[in-house]
Protein chains: 2
Amino acid sequence: MQLNQATDYALRAMLVLASLKPGEVVDAQTIATRERIPMRFLLRTLRLLVKAGIATSQRGVGGGYALARSPEEVTLLDVVEAVEGPIRINRCLLDPEYCGKRWADHCPVHQALAGVQSALRHELARHNFAELIRGAKGNQSTRDSRE
Amino acid sequence: MQLNQATDYALRAMLVLASLKPGEVVDAQTIATRERIPMRFLLRTLRLLVKAGIATSQRGVGGGYALARSPEEVTLLDVVEAVEGPIRINRCLLDPEYCGKRWADHCPVHQALAGVQSALRHELARHNFAELIRGAKGNQSTRDSRE
DNA sequence: TTAAAATTATACTAGATGGGTATAGTTTAG
DNA sequence: CTAAACTATACCCATCTAGTATAATTTTAA
């Protein structure tokens, strides 16, 4: 029940991209240094973001990366699913084969988890990168993560 | 971003325990057969539930497992954390060492993820086993998990 | 007091995943 | 045509996952 390291790096890289001035690009080495991310690992991760269509890349001299759309239009969910694939909280939600066969649709565990998964995805989709770069001050969620 | 198989088994085992009449116990073999769970794996998983204090066990002839409290008082969150340990969506939420050192508290990614994690835990805590055994009909969440 | 029914406690294993590195290739500006 | 950048695979090792194996302990009851 944890996001992997690539996703963490991707989120921080996206934060850098979201801060760029329009038309500007930033190269991977700069991101790697600023965010203390292993270069080769970052390159692979950035490719996932490009493939998912939330970042763009330009090769050659003076090339680099940028956001594919405005920061408001990119959410945490976009990044998480770009790196890790679609969120499936339980494999029975992905492959009905796992759902005990007998119940399929009317399994109460399945139903409850579907609701939780949906809530999780909505929560991730609520945060966009415009909000994030505006900064953490004035954050609407002050609840302790430990509660 | 997925619950592991042990958790899935635990949830289904707990569903069996929640259906017991007061004073009744059920042995692991019965659960394993009914829920198609590998016996030895189930035994280990049940031990986690016992250690976490949400199930009780009784050894010897006629022994077995039961809920430690009423079904209303056991939530999905209890089971998930009993099996997988505390939910930490990102390791930076667990170990500040990972949080880039420079920002610590004022990292916007950290803050947003803390909010998401909190929402996830609350959502898991909303579902208890009394509700689950009452059945999936009349479920309050009909949202498609794919949305 | 012994046998059988049950849980407990470790230890092990094959395969997958996670996090990272290496090597080689392609595009592009100048 | 060269250097700066991204692209594409392939590889590596440590940890995790899911499951199995072996042995011990507790309890009931014949």
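Per chain, numbering begins at 1; letters A, B, ... match sequence-line order. As the structure is a prediction and not an experimental result, all values here were calculated from the model.
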Decide side-chain contact (heavy atoms from CB on, under 4.5 Å) for Leu124(B) and Thr75(B); before the verdict, give the C-alpha distance in whole Å, the side-chain angles of both, and the deciding distance to 0.1 Å. CA-CA 7 Å; Leu124(B) 284 168; Thr75(B) 70; over 6 Å; no
Base, sugar-phosphate or nothing for Gln29(A)? Non-hydrogen atoms, less than 4.0 Å. nothing
Between dT8(C) atom P and Leu42(B) atom CG, what is the distance in whole Å? 11 Å
Using whole Å, what does the distance between atom P of nucleotide dT8(C) and atom CD of Gln58(B) come to? 11 Å
Given dA4(C), dG19(D), dC6(D), identify the nucleotide with an atom nearest to the side chain of Arg59(A). dC6(D)
In this structure, how many angstroms lie between the C1' atom of dA6(C) and the CG atom of Leu46(B), rounded? 13 Å
Is a salt bridge present between Glu123(B) and Arg126(B), judged by a nitrogen-to-oxygen distance below 4.0 Å? yes
Please state how far atom CE in Met39(B) lies from atom P in dA9(C), giving the value in whole angstrom units. 16 Å
Out of dA5(C), dG20(C), dC6(D), which nucleotide sits closest to the side chain of Val61(B)? dA5(C)
Does Arg40(B) get its side chain close enough to the base of dT22(D), under 3.5 Å, for a donor-acceptor pair? yes
For residues Ala68(B) and Gly53(B), report the shortest heavy-atom separation together with the two atoms involved. CB-O, 3.3 Å
Whole angstrom is fine here: how far is it from CG in Asn90(B) over to C1' in dG18(C)? 14 Å
Gap separating the CG atom of Leu46(A) from the CG atom of Leu17(A), nearest 0.5 angstrom: 7.0 Å
Counting just side-chain N and O atoms, does Ser57(A) come under 4.0 Å of either OP1 or OP2 of dT7(D)? yes
Rounded to whole angstrom units, what separation is found between the CZ atom of Arg47(B) and the P atom of dT26(D)? 14 Å
Whichever of Gly60(A) and Asn4(B) has its nearest DNA chain D nucleotide further upstream toward 5': Gly60(A)
In whole angstroms, how far is the P atom of dT8(C) from the CG atom of Leu48(B)? 11 Å
Report the residue (Tyr65(A) or Arg44(A)) whose heavy-atom-nearest nucleotide on DNA chain D is the more 5′ of the two. Tyr65(A)
What is the distance, rounded to the nearest whole Å, between atom CG of Leu3(B) and atom C1' of dA18(D)? 15 Å
Residue of the set Asn4(B), Leu3(B), Asp78(B) for which side-chain contact (heavy atoms from CB on, under 4.5 Å) holds with Val83(B): Asn4(B)
For dA18(D) and Tyr9(B) - does any side-chain N or O of the residue sit under 4.0 Å from the phosphate oxygens OP1/OP2? no
